[in-house]
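Taking it in order: structure first as structure tokens, then the write-up.
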Amino acid sequence: MPTNGSSHRSKPGHATAPACTMVIFGARGDLTKRLLFPSLYNLVEMSLLDEDFKVEGIDIAESDDAAWRKGLGDTIDSFADDPDAEFHPDHIDSDAWDWLMSRATYQRGDVTDAKTFDALAERLKDRSAIFYLAVSSRFFWPIIERLGAAGLLEEPDGAFRRLVIEKPFGHDLASARELNTKILSVAQEAQVFRIDHFMGKEPVQSILAMRFANRLFEPIWRSEHIERVEITAAETIGIESRGHFYEATGALRDMVPNHLFQLLCMAAMDPPSSLDPDAVRSEKTRLLSAVAPLGKDDVVFGQYEAGTVDGKAVPGYRDEADVAADSRTETYVAARLMINNWRWAGTPFLLRTGKRLAARRTEIVVHLRPAPFALFPNTPQRTDSASRIIFSIDPKHGIEIAFDVKQPGPDVTLAPAATWFSFDKGFDRSPTVGYEALLYDCMLGDATLFQRADTIEAAWRIVDPVLNHAQDAVPAFYEAGGDGPDDWTWTPLKSVAPSDEPS
Ligand code: BG6
């Protein structure tokens with residue numbers, strides 16, 4: 001049985017994942033049909049699932065195998081038909097899909113009823129199992145507690161039992177600690193896979209490779225050479241139909257201690273001594289532990305008003321369904337972080353995320369300091385250096401390096417230039433959903449990409465002092481379709497050159 005202490009990431013080749021049953025709580029939810037099943041389908045296409053793989057969906061609604069499979073099939077077919085879908089395969093291979101469907105069964109079950117779990121134990125017997133909690137966070141502990149009580153978290157001889165927990169993991173430091181303590185009273189840390197889907201994105205995983213497999217970057221990766229780092233997750237979508245969830249959550253809790261801090265870790269952590277999951281995760285925790293907790297002057301909260309996004313008029317946040325007419329919930333947050341260690345003292349890390357902004361753009365922009373001596377007299381003295389390294393995560397997947405060159409001509413004048421690497425053009429890749437590696441790793445018992453209890457708590461510690469400030473302060477209102485509140489100097493969201501990929 002693979003253990004949690006070894007990483008397949010350091011070994012070449014792909015092994016078929018060990019046989020197991022993936023039990024999905026929340027089988028009829030969006031996550032299951034839009035992300036989990038398309039990812040399982042891709043794993044089938046890559047021949048990474050065992051012949052004896054099974055997937056069982058549990059949900060409260062009356063349904064049966066045939067109806068559940070049909071709903072899953074309709075969703076994946078709709079992706080193949082929609083060129084704008086985030087996962088857009090040319091076609092769905094019917095052999096692969098049938099293979100998966102022949103292993104997919106549905107059980108009606110109430111997760112607050114112990115009988116659901118006793119029946120599950122009967123069906124699983126001694127099989128290895130992954131319990132995937134694709135449910136609202138209020139059901140996390142009720143499900144885990146009952147899994148524990150039914151003996152389902154005890155690992156039978158030669159088999160594993162693992163938990164996959166979606167976000168939000170707690171709503172502040174105290175609740176995250178409490179949830180960790182409760183979970184660890186019924187399961188071992190090695191059985192717990194706290195998921196952050198940003199870690200499933202290839203360009204995010206590649207940041208460590210770029211930083212630590214090359215000599216080019218690491219010597220300058222410190223405050224002496226790096227003036228500031230901007231981390232952006234800008235979205236054009238609004239809150240969609242999630243008014244209830246969003247009112248209680250807001251942009252800070254929804255995106256910062258999880259997704260943006262994972263990007264921060266990838267950009268700023270020290271090199272681990274190996275790819276062992278705990279070596280990697282210890283470095284992330286060490287980095288987050290060095291970040292000074294945020295004060296109210298380090299954050300800006302915003303909320304979108306009506307405006308135009310991609311040429312379409314959209315309502316303001318307060319006019320969305322299930323949102324209070326005087327809501328102060330932030331749909332935008334910017335935070336200025338300082339990392340108190342030898343490498344980063346003096347380099348601010350500016351993080352921003354928001355809904356209904358000018359462009360969808362998830363990226364890390366590393367701004368280098370200007371050259372120490374201005375050698376080129378015919379060029380206006382720059383206040384900002386042209387030298388930047390940009391990790392583009394969404395919607396483009398690539399890396400850009402921007403710098404100054406000499407503009408061709410008889411005099412010496414500098415001009416900005418850039419070079420761009422695209423993962424999509426550089427590699428022949430089939431479209432993926434972003435959960436494939438996460439599911440596969442969980443089956444192999446490799447927790448490298450998942451959050452450990454201490455990493456989650458280190459993240460909440462940073463934002464905890466300002467969590468309630470979001471509700472106390474009136475947010476800065478911004479027009480939908482713009483760059484957000486006029487707070488600090490940022491790379492414009494719609495900048496074209498040189499950040500646009502050459503055709
Ligand atoms: C989710 C948030 O975790 O991440 C959403 O709850 C957000 O509000 C989403 O839209 C962003 O993820 P991605 O992969 O689309 O950038």
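Numbering of ligands and ligand atoms starts at 1, following listing order.
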Could you tell me, atom by atom, which parts of ligand 1 come under 4.0 Å of a heavy atom of [X]?
{"X": "Lys355", "value": "5 (C), 7 (C), 8 (O), 10 (O)"}
{"X": "Lys201", "value": "13 (P), 14 (O), 16 (O)"}
{"X": "His259", "value": "1 (C), 3 (O), 4 (O)"}
{"X": "Asp254", "value": "2 (C), 5 (C), 6 (O), 8 (O)"}

Fill in: Closest candidate by heavy atom, reference atom 5 (C) of ligand 1, pool Arg360, Arg242, Met255, Lys167
Arg242

Discussion item. Once you restrict to heavy atoms under 4.0 Å, what part of Arg253 touches ligand 1? Side chain, backbone, both or neither.
Written reply: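 The answer is neither; Arg253 stays 4.0 Å or more away.
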
Item to complete: Run the contact test for Phe198 against ligand 1 with a 4.0 Å cut-off on heavy atoms, strictly below, and give the result.
Response: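 Phe198: in contact with ligand 1 (<4.0 Å).
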
Can the positive tip of [X] be found less than 6.0 Å from the middle of the six-membered ring of [Y], inside 45° of the ring normal?
{"X": "Arg162", "Y": "Phe160", "result": "yes"}
{"X": "Arg194", "Y": "Phe169", "result": "yes"}
{"X": "Lys201", "Y": "Phe198", "result": "yes"}

Discussion item. Quick one, Thr353 and Thr232 - any side-chain contact, counting heavy atoms below 4.5 Å?
Written reply: no

Worksheet item: Among protein heavy atoms, which sits nearest to atom 12 (O) of ligand 1, and what does the distance come to when rounded to 0.1 Å?
Response: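 Among all protein heavy atoms, the one nearest atom 12 (O) of ligand 1 is His197 NE2, 3.1 Å.
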
Fill in: Residue, atom name and distance, where the atom is the protein heavy atom closest to atom 10 (O) of ligand 1
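Answer for atom 10 (O) of ligand 1: Glu235 OE2, 2.6 Å.
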
Practice prompt. If the plane angle is over 60° it's perpendicular, under 30° parallel, otherwise tilted; pick one for Phe87 and Phe79.
Written response: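 Judged by the thresholds at 30° and 60°, the geometry between Phe87 and Phe79 is perpendicular.
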
Fill in: Sidechain N-carboxylate O distance under 4.0 Å for Glu363, Arg361
yes

Worksheet item: Is Arg34 atom CZ crowded by more than 12 heavy atoms from other residues, nucleotides or ligands, each under 6.0 Å away?
Response: no

